[in-house]
Amino acid sequence: MSAELSAPASGGRTPTVIRVLVLATFVVILNETIMINAIPRLMEDLAITDRAAQWVSTAFMLTMAAVIPTTGWFLQRVSTRHAYAAAMGVFLVGTALSAVAPSFAVLLLGRVVQAFGTAVMMPLLMTTLMTVVPEQDRGRVMGNVTLAISVAPAMGPVISGAVLQIGSWRWLFVLVLPIAGIIAWLGLRQLENVGEPQAGQIDVSSVALAALGFGGLVFGLSRFESGNLTGPALIVAAGSALIAGFVWRQLRLQRTGTPLLDLRVLLSGTYTKALILMSVAFMAMLGSMILLPLYLQNLRGLSPLATGLLVMPGGLAMGLLGPTVGRLFDRFGGRLLVIPGSIGIAASLAGFTQISMTMPYWQLLALHILLMVSLAAAFTPVFTLGLGALPQQLYSHGSSMLGTLQQVAAAFGTALVVTVMSAHATTRAAEGADLVTAHLDGMRLAFLVSAALALLVIVMAVLLPGRAAAPAEADEFETATPELAKH
């Protein structure tokens, strides 16, 4: 590929390659949340239990956790067009398979295939953005990315609720299929390659350790919802041990320069702080995303569609604010946004600890909007600061590690709040509290735990610099490889 195409774009305009990738990422992320309201319909149509039906989401999450660690290596070995074609092609196959699935097993297979394609898109978008967009424009462009990836999950439950009111769950896939097909076709017409692919063999044992380790960890965490702690704890321990083996293997492979996931990204203090902040914030966010629908539907009696409509303004506000946050970041740096944003996250979660059976819906709406707006103020600068602190050759590995830990954080956050809620509700019921009061107390305590986690987000926000210092830190990576590989 020519040097002109691989050079960063300039002139304050979002490059076409980023526009295409944002559009594709919007569709695959929309698909990730579109099945949330379909669980009861699946149970009825396919004659399965609620535990089995939950696997349409669990299997998707497990596959993402297992595949994303390999994307850093993959994106360095293929061209942008080939990575895009592979991701969208696999996603389309999975969507078509899900739409015509004659049984639950085939539907599950379709969701797994979809997840393979989805796992590549986000790291591909982030890596390409950091490569082609100059530093002074990254906040603005990352803000546009935030708009897409925030609005998509907010719209998913609303769209699925509306579709399920008038049609079968299969229409959720039938409607996505032509849209994804058109975007894939347009993308391949307009997409240009960014950077040169590098040669290198894949380490099969690293792939196995990553898939079993991260997949096992996420699976174990998801099983805590069942109330049985011993089995999930053993699975989590086994997954953690395999991840330790994966880390050891990467340090050994560092000597040859061909690790599956380059751990030198952790040598950047800015990137590591951003990674911790994003993971904890994601954990708190996912916890609230689980608790709020449970509260609104199970205790307040709202329908799935009404619940989706209530939380949609927050998601839309988060997305629409993204470009403004990006421009402010480019002008003033990260601290002006991340510190108030982290305080807003903690404040909103603390507000949710006051939920009751009579709490006005406008207060719930206001708290949710505050949470989403605060997350927008934090996420765009932290993404940009963290990846901007890495040298260009590590962008794909930085994006891959960020995506992997987001999946783990999502599973951990969900397991934590559900376990805390269930355990406390059971204790309160045993003490003589009625069922509604017991569940309310459990949810309040779970929100309190999320608010406590958000205090760590504030600490990390204070420690982050206003701007990344990639050139100064890049030298550390070149000299650190031999030293890192010794350990």
Of all residues at least two apart in sequence or in a different chain, which pass the ring pair (Phe, Tyr, Trp, His ring centres under 6.0 Å) check with [X]?
X	value
Y84	none
F379	none
F173	none
Y295	none

Requested in this report: Output every pair passing side chain to side chain donor-acceptor pair (under 3.5 Å) with a member in residues 204-219, not counting sequence neighbours, ordered by first then second residue.
Outcome: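 Those involving residues 204-219 are D203-S205, D203-S206, S205-R249, S206-Q250.
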Query - Backbone of L416 reached by a side-chain donor or acceptor of T419 within 3.5 Å - result: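 Between the backbone of L416 and the side chain of T419 there is no qualifying donor-acceptor contact (under 3.5 Å).
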**Report entry** Side-chain donor/acceptor of S79 to backbone N/O of H82, under 3.5 Å
**Finding:**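 The answer is yes, because a donor-acceptor pair under 3.5 Å joins these two groups.
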Flag the pair [X] / [Y] as yes when at least one side-chain heavy-atom distance between them is below 4.5 Å, and no otherwise.
X	Y	result
L296	Y361	yes
L186	V20	no
V113	F116	no
V382	L385	no
V176	F91	yes

Donor-acceptor list for residues 117-125 side chains, cut-off 3.5 Å, not counting sequence neighbours:
from : atom 1 : to   : atom 2 : distance (Å)
T118 : OG1    : Q114 : O      : 3.0

Query raised in the report: Can you say whether the rings of F447 and F352 are parallel (under 30°), tilted (30 to 60°) or perpendicular (over 60°)?
Result: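 F447 vs F352 ring planes: parallel.
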Requested in this report: Tell me yes or no: between the side chains of S400 and H397, is some donor less than 3.5 Å from an acceptor?
Outcome: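 Note: S400 and H397 side chains miss the donor-acceptor criterion.
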